Amino acid sequence: AFFMHVPGLVVIQPSTPFDFKGLLKSAIRDNNPAIFIEHKLLYNTKGRVPEEEYLIPFGCADVKRAGKDVTILATSYMVLKALEVAEQLAKEGIQAEVIDPRTINPFDYETLFDSVRKTHRLVVVVEAYRTGSVASEVSARVHEALFDELHAPVMCVGAADVPIPYATELETFVLPSTQSIYETVQKVLSYQKH
């Protein structure tokens with residue numbers, strides 16, 4: 001969110017090896033300043049990476065999983081957790097659409113808005129603190145643009161607003177988990193307008 005606030009700075013957060021290569025090559029070739037945010041837990045992620053040259057344009061989100069019941073927008077490592085939750089929901093007959101923005105600035109609101117118009121529900125998942133986060137900004141923009149399309153308020157999942165603890169058990173408690181994402185999706189799905 002700090003870097004998103006800098007006008008003209010490209011902010012990149014890939015979640016897959018394929019996206020990593022395509023976005024890095026685009027950043028090298030672009031004349032604008034760019035920051036490439038790598039999540040250390042993604043270093044062991046395996047995936048298809050073509051040897052041939054390819055570029056992924058900035059501001060072009062990727063629908064990692066199609067669905068019709070709820071949209072989950074997740075960034076970086078949280079994309080993998082969102083996909084796990086979508087898999088769990090599929091076993092219950094719920095089709096979640098998972099979107100990875102890939103770049104935070106520029107942000108592909110068009111792809112997100114199209115998805116929300118289809119599902120009418122949105123959960124935004126970031127690993128950062130919720131206060132003043134990318135999730136807060138996305139939530140505000142969706143409420144402004146698509147208020148009448150929403151069947152439930154946009155809900156966000158992020159880290160608790162506390163310093164990240166050193167102990168593994170406490171860190172796990174503070175950061176978003178598949179369980180916290182799942183529970184938030186269930187809240188959005190069960191929301192009843194009065």
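These numbers were taken from a predicted model, which means no experiment stands behind them.
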Item checked: Ile72 to Ala82 - nearest heavy-atom pair and separation -> CG2-CB, 3.7 Å

Next item on the list: Drop me the distance from Tyr191's OH to His151's NE2, to the nearest 0.5 angstrom.
Entry: 12.0 Å

Note to self: Has Ser139 got a side-chain atom pairing as donor or acceptor with Ser136's backbone, closer than 3.5 angstrom?
What the structure shows: no

Next item on the list: Check the angle between the aromatic planes of Phe20 and Phe36 and answer parallel, tilted or perpendicular using the 30° and 60° thresholds.
Entry: perpendicular

Next item on the list: Please examine the side chains of His39 and Ser15, heavy atoms only from C-beta on, and report whether any two atoms are closer than 4.5 Å.
Entry: no

Item checked: Contact list for residues 29-41, test salt bridge (Lys or Arg N to Asp or Glu O under 4.0 Å), sequence neighbours left out -> Arg29-Glu53

Note to self: Within the structure provided, determine whether Leu42 and Ser76 are in side-chain contact (heavy-atom separation under 4.5 Å).
What the structure shows: yes

Check: Yes or no on side-chain contact (heavy atoms from CB on, under 4.5 Å) for Met78 and Val126, after CA distance, side-chain angles and deciding distance?
Finding: CA-CA 6 Å; Met78 292 296 110; Val126 297; 5.6 Å; no

Notebook entry, point to check: Given side chains that start at C-beta, do those of Phe3 and Ile12 come closer than 4.5 Å, heavy atoms only?
Noted result: no

Note to self: Check this for me: Glu110, atom CD, are more than 12 non-hydrogen atoms of other residues, nucleotides or ligands nearer than 6.0 Å?
What the structure shows: no

Notebook entry, point to check: Which hydrophobic side chains are connected to Tyr43, either touching it within the sub-4.5 Å cutoff or through other members that do?
Noted result: none

Note to self: Grouping I, L, V, M, F, W and Y whenever their side-chain heavy atoms are under 4.5 Å apart, do Met4 and Ile35 come out in a common cluster?
What the structure shows: yes

Next item on the list: Sort and list the pairs that fulfil salt bridge (Lys or Arg N to Asp or Glu O under 4.0 Å) and have at least one residue in residues 9-24, not counting sequence neighbours.
Entry: Asp19-Lys64, Asp19-Arg102

Item checked: From CG (Asp114) to CD1 (Ile99), nearest 0.5 Å -> 8.5 Å

Item checked: Minimum-distance pair of heavy atoms, taken over all atoms of Val10 and Pro106 -> CG1-CD, 4.3 Å

Checklist line | Contacts of Ile164 that satisfy side chain to side chain contact (heavy atoms under 4.5 Å, CB included) - sequence neighbours left out | finding: Tyr129, Glu171, Val174, Leu175

Check: Which is it for Leu112 and Leu122 under the side-chain contact (heavy atoms from CB on, under 4.5 Å) test, yes or no, and what are the steps along the way?
Finding: CA-CA 9 Å; Leu112 177 61; Leu122 173 62; 3.9 Å; yes

Notebook entry, point to check: Is it true that a side-chain atom of Asp69 and a backbone atom of Ala96 form a donor plus acceptor pair closer than 3.5 Å?
Noted result: no

Item checked: Tyr54 atom OH, over 12 foreign heavy atoms within 6.0 Å -> yes

Note to self: For Ala74 versus Pro101, what's the shortest heavy-atom pair and its separation?
What the structure shows: O-CD, 3.1 Å

Check: Do the side chains of Pro17 and Thr45 get nearer than 4.5 Å, heavy atoms only?
Finding: yes

Notebook entry, point to check: Which value, rounded to the nearest 0.5 Å, describes the distance between Lys187 atom NZ and Met155 atom CE?
Noted result: 6.5 Å

Note to self: Side-chain heavy atoms nearer than 4.5 Å, only ILVMFWY residues, links allowed to pass through others: does that put Tyr109 and Val63 together?
What the structure shows: yes

Check: Any chance NE2 of His5 has more than 12 other-residue heavy atoms, nucleotides or ligands included, within less than 6.0 Å?
Finding: no

Notebook entry, point to check: At what distance, to the nearest 0.5 angstrom, does CG of Leu83 lie from OG1 of Thr16?
Noted result: 10.0 Å

Next item on the list: Using the rule that two of Ile, Leu, Val, Met, Phe, Trp, Tyr join whenever any of their side-chain heavy atoms come within less than 4.5 Å, decide whether Leu89 and Val123 are in one cluster.
Entry: yes

Notebook entry, point to check: Would you say Val138 and Val154 make side-chain contact, with heavy atoms under 4.5 Å?
Noted result: no

Check: Below 4.5 Å, heavy atoms only, C-beta onward: do Arg117 and Leu146 meet side chain to side chain?
Finding: yes

Margin query: Please find the pair of heavy atoms, one from Ala34 and one from Ala27, that lie closest to each other, and give the distance.
Written below: CB-CB, 4.2 Å

Check: So how far is it from Ile37 CD1 to Thr75 OG1, rounded to the nearest 0.5 Å?
Finding: 9.0 Å

Notebook entry, point to check: Do Val124 and Phe107 sit in the same hydrophobic cluster, where Ile, Leu, Val, Met, Phe, Trp and Tyr count as joined when their side-chain heavy atoms come under 4.5 Å apart?
Noted result: yes

Next item on the list: Answer yes or no: does atom CD of Glu52 have more than 12 heavy-atom neighbours from other residues, nucleotides or ligands under 6.0 Å?
Entry: yes

Notebook entry, point to check: Which pair of heavy atoms, one from Ala152 and one from Val188, lies closest together, and at what distance?
Noted result: CB-O, 3.6 Å

Note to self: Is there a path of hydrophobic side-chain contacts, each under 4.5 Å between heavy atoms, that joins Val142 and Val134?
What the structure shows: yes

Next item on the list: State, yes or no, whether a side-chain contact exists between Leu73 and Val116 at a heavy-atom distance under 4.5 Å.
Entry: no

Item checked: Qualifying side-chain hydrogen bond (donor to acceptor under 3.5 Å, both in side chains) pairs with a residue from residues 78-93, counting only residues at least two apart or across chains -> Arg65-Glu87, Glu92-Tyr182, Glu92-Gln186

Next item on the list: Could you tell me which non-hydrogen atom of Val98 sits nearest to which non-hydrogen atom of Ala86, and how far apart they are?
Entry: CG2-CB, 3.8 Å

Notebook entry, point to check: Distance from Ser26 atom OG to Leu55 atom CG, nearest 0.5 Å?
Noted result: 4.0 Å

Item checked: Partners meeting side-chain hydrogen bond (donor to acceptor under 3.5 Å, both in side chains) with Ser180 (sequence neighbours left out) -> Ser177

Notebook entry, point to check: Should Val6 and Asn105 be marked as a side-chain contact (heavy atoms from CB on, under 4.5 Å) after you check the CA-CA gap, both sets of side-chain angles, and the distance that decides it?
Noted result: CA-CA 9 Å; Val6 180; Asn105 192 32; over 6 Å; no

Margin query: Pairing donors with acceptors under 3.5 angstrom, does anything connect the side chains of Glu97 and Ser115?
Written below: yes

